[in-house]
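Before any comments, here is the structure.
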Amino acid sequence: MREYLLTLCVTAAVTYLLTGPVRKFAIAAGAMPEIRARDVHREPTPRLGGIAMFGGLCAGLLVASHLTNLKSVFESSNEPRALLSGAALIWILGVLDDKWGVDALVKLGGQMIAAGVMVLQGLTILWIPIPGVGTVSLTPMQGTLLTVALVVITINAVNFVDGLDGLASGMVCIAAAAFFMYAYRMWFGYGIEAAAPATLFSVVLMGMCLGFLPHNMHPARIFMGDSGSMLIGLVMAAGAVSVTGQVDPDLLNQKAGGLREATHAMVPVYIPLLLPLTVIAVPVADLILAIVRRTWKGQSPFAADRGHLHHRLLEIGHSHSRAVLIMYFWSALIAFGAVAYSVNNASMWIVLGIVLLSAVGLVLLLLPRFSPRAPRWAERMVPPRYRRVVRTVLVPPADRVEDAPEAAEGECEPVPAGINGATAIGDRSRFVDHRRAGSHH
């Protein structure tokens with residue numbers, strides 16, 4: 001676990017430190033597209049944040065390859081190299097799209113090529129575990145088609161949900177944390193070495209998102225762009241393909257203690273159609289709704305609009321930060337609920353807890369005007385928007401209480417409350433009124 005934490009910290013630190021220079025480079029390169037009708041932000045914001053995230057990915061994999069326990073992943077499996085190859089292709093495609101714009105069909109073709117490159121290097125689905133039937137082996141053509149479909153769908157699901165500051169990176173970080181818990185349990189709990197690459201991919205993905213989030217929270221200083229959203233979508237899909245198609249269900253059957261236990265242990269991964277919907281359920285649901293909505297209107301499925309889930313949250317009255325937190329809540333509920341079910345599927349407390357939290361989430365959706373306030377002891381740890389409002393008290397100066405007649409009529413100077421004499425009412429003049437001081441010009 002210590003080596004995973006080290007890999008996580010290195011990935012996050014490199015991503016965080018690179019984001020600042022990348023922002024300056026994006027501004028100098030002109031990667032600041034004009035605001036579109038479907039955008040939520042009000043000022044042009046630089047993109048190309050995916051450059052920093054790709055640097056964090058490379059740093060995390062490089063450090064992991066030199067650690068004692070994790071180097072075996074690179075020696076016994078070609079999956080990390082396959083991931084890096086596919087990530088490089090999708091990252092280049094995203095950078096070109098952020099700077100000059102790429103046609104939707106060209107991007108789709110590039111996504112399929114990146115997925116195909118990973119398949120050629122061994123990162124593919126070999127079999128499908130089906131309850132009641134057993135393990136169904138796939139032909140090379142079937143495995144390739146299914147892997148490419150999974151990668152393309154996951155990439156576009158993450159890309160579609162990237163519409164608010166900090167939304168995509170936060171949701172993917174939550175999903176990666178849940179997926180790490182699941183893959184780590186399969187590796188160390190059941191001793192299945194084939195789950196090691198998926199565990200490493202999840203840790204690196206968490207580091208990429210955590211390092212980028214401080215720069216991307218509202219108001220965002222930089223966007224990840226397609227170079228970042230498609231990249232983290234591909235890394236997430238690679239982890240799902242690795243743990244779904246590479247882990248032998250028969251071996252899991254022996255380690256788990258029976259067919260029923262093994263079947264339930266694989267539930268969070270293969271339902272339905274091997275798509276990890278329990279991990280990225282919200283982005284995939286948004287993707288499906290967007291395709292249905294646009295097709296129903298006679299538009300292209302790739303046509304941009306303001307009908308995504310986060311846009312609807314803003315329309316019903318939720319603030320920007322509140323809409324993001326609600327999406328975080330639903331992502332965490334579904335992802336960690338599925339992981340908890342895989343650990344103990346016979347417990348009704350898990351089901352009751354999920355139902356209770358779902359009810360809480362629905363209540364939050366129905367209270368768009370509610371503004372939470374942090375307690376006084378925690379105000380230093382939260383953004384200013386969640387702190388209690390401190391009213392400014394107007395106090396007349398001591399030397400003008402009796403001398404100045406206007407003070408008796410209610411005219412008084414506000415108490416300074418900020419840097420450079422700024423107050424809650426306005427900026428205080430930096431110059432002294434020489435006429436009242438007794439000087440004449």
Side-chain angles (χ1 to χ4, degrees), residues 1-19 22 49-95 114-124 147 151 154-155 158 169 172-173 175-177 179-184 186-188 193-213 224 227-243 245-247:
M1 181 60 74
R2 289 179 297 179
E3 295 185 352
Y4 282 123
L5 291 177
L6 177 60
T7 304
L8 172 66
C9 294
V10 170
T11 306
V14 172
T15 304
Y16 178 81
L17 295 176
L18 285 179
T19 304
V22 167
I51 297 179
M53 304 181 82
F54 183 74
L57 170 66
C58 295
L61 293 178
L62 179 62
V63 169
S65 64
H66 290 82
L67 297 179
T68 304
N69 295 325
L70 295 183
K71 67 167 55 177
S72 60
V73 178
F74 296 83
E75 297 172 353
S76 61
S77 173
N78 199 39
E79 294 181 18
R81 300 178 184 87
L83 169 65
L84 191 59
S85 302
L89 290 177
I90 206 71
W91 172 72
I92 294 175
L93 177 64
V95 170
V117 169
M118 293 195 301
V119 170
L120 291 177
Q121 299 189 57
L123 188 57
T124 182
T147 303
V151 173
T154 307
I155 289 175
V158 176
S169 52
V172 171
C173 183
F179 206 78
F180 168 76
M181 295 173 59
Y182 173 77
Y184 185 83
M186 291 186 66
W187 185 14
F188 285 93
E193 295 291 336
T199 310
L200 175 61
F201 296 166
S202 301
V203 167
V204 173
L205 182 58
M206 276 193 292
M208 294 165 60
C209 296
L210 289 176
F212 186 73
L213 260 177
M224 67 173 66
S227 58
S229 61
M230 293 196 300
L231 176 63
I232 60 178
L234 181 129
V235 177
M236 178 180 293
V241 169
S242 177
V243 78
Q246 301 292 323
V247 175

Kindly state whether the ring of Phe179 and the ring of Phe201 have centres lying under 6.0 angstrom apart.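 No, the ring centres sit 6.0 Å or more apart.
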Please name all residues satisfying side chain to side chain contact (heavy atoms under 4.5 Å, CB included) with Cys58, sequence neighbours left out, ordered by chain then number.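 By the side chain to side chain contact (heavy atoms under 4.5 Å, CB included) rule, Cys58 matches Phe54, Leu84.
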Looking at residues at least two apart in the chain, or sitting in another chain, which of them share a side chain to side chain contact (heavy atoms under 4.5 Å, CB included) with Ser72?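 For Ser72 there are no side chain to side chain contact (heavy atoms under 4.5 Å, CB included) partners, ignoring immediate neighbours.
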Can you give me the closest heavy-atom contact between [X] and [Y], atom names plus distance?
| X | Y | answer |
| --- | --- | --- |
| Ala198 | Gly239 | CB-O, 3.6 Å |
| Met208 | Thr11 | N-CG2, 3.6 Å |
| Gly233 | Ile155 | C-CG1, 3.9 Å |
| Thr147 | Leu123 | CG2-O, 3.8 Å |
| Gly207 | Leu8 | N-CD1, 3.3 Å |
| Ile51 | Ser227 | N-OG, 4.3 Å |

Is there a side-chain contact between Leu234 and Leu83 in this structure, where contact means two heavy atoms from C-beta onward sitting under 4.5 Å apart?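 Counting from C-beta outward, Leu234 and Leu83 do come under 4.5 Å.
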Between Leu67 and Leu6, is any pair of side-chain heavy atoms under 4.5 Å apart?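 Side-chain contact under 4.5 Å: yes.
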Is there a side-chain contact (heavy atoms from CB on, under 4.5 Å) between Ser242 and Glu79 once you walk through the steps? CA-CA 8 Å; Ser242 177; Glu79 294 181 18; 2.6 Å; yes
Considering only residues two or more places apart or on different chains, which pairs with a residue in residues 83-93 satisfy side-chain hydrogen bond (donor to acceptor under 3.5 Å, both in side chains)?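 Those involving residues 83-93 are Ser85-Gln121.
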Whether Thr199 side chain and Ala195 backbone form a donor-acceptor pair below 3.5 Å: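 Side chain of Thr199 to backbone of Ala195: a pair is present.
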Tell me whether Ser77 contacts the main-chain N or O of Phe74 through its side chain, where contact means a donor paired with an acceptor under 3.5 Å.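 Absent.
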Which value, rounded to the nearest 0.5 Å, describes the distance between [X] atom [atom1] and [Y] atom [atom2]?
| X | Y | atom1 | atom2 | result |
| --- | --- | --- | --- | --- |
| Leu62 | Thr7 | CG | OG1 | 10.5 Å |
| Ser229 | Met53 | OG | CE | 9.0 Å |
| Cys209 | Met224 | SG | CE | 6.5 Å |
| Met206 | Cys173 | CE | SG | 7.0 Å |
| Asn78 | Leu120 | CG | CG | 11.0 Å |
| Leu213 | Thr19 | CG | OG1 | 10.0 Å |

Set out, in order, the CA-CA distance, both residues' side-chain angles and the distance that settles side-chain contact (heavy atoms from CB on, under 4.5 Å) for Val235 and Val172, then state yes or no. CA-CA 10 Å; Val235 177; Val172 171; over 6 Å; no
From CA spacing to verdict: side-chain contact (heavy atoms from CB on, under 4.5 Å), Leu205, Met236: CA-CA 7 Å; Leu205 182 58; Met236 178 180 293; 3.9 Å; yes
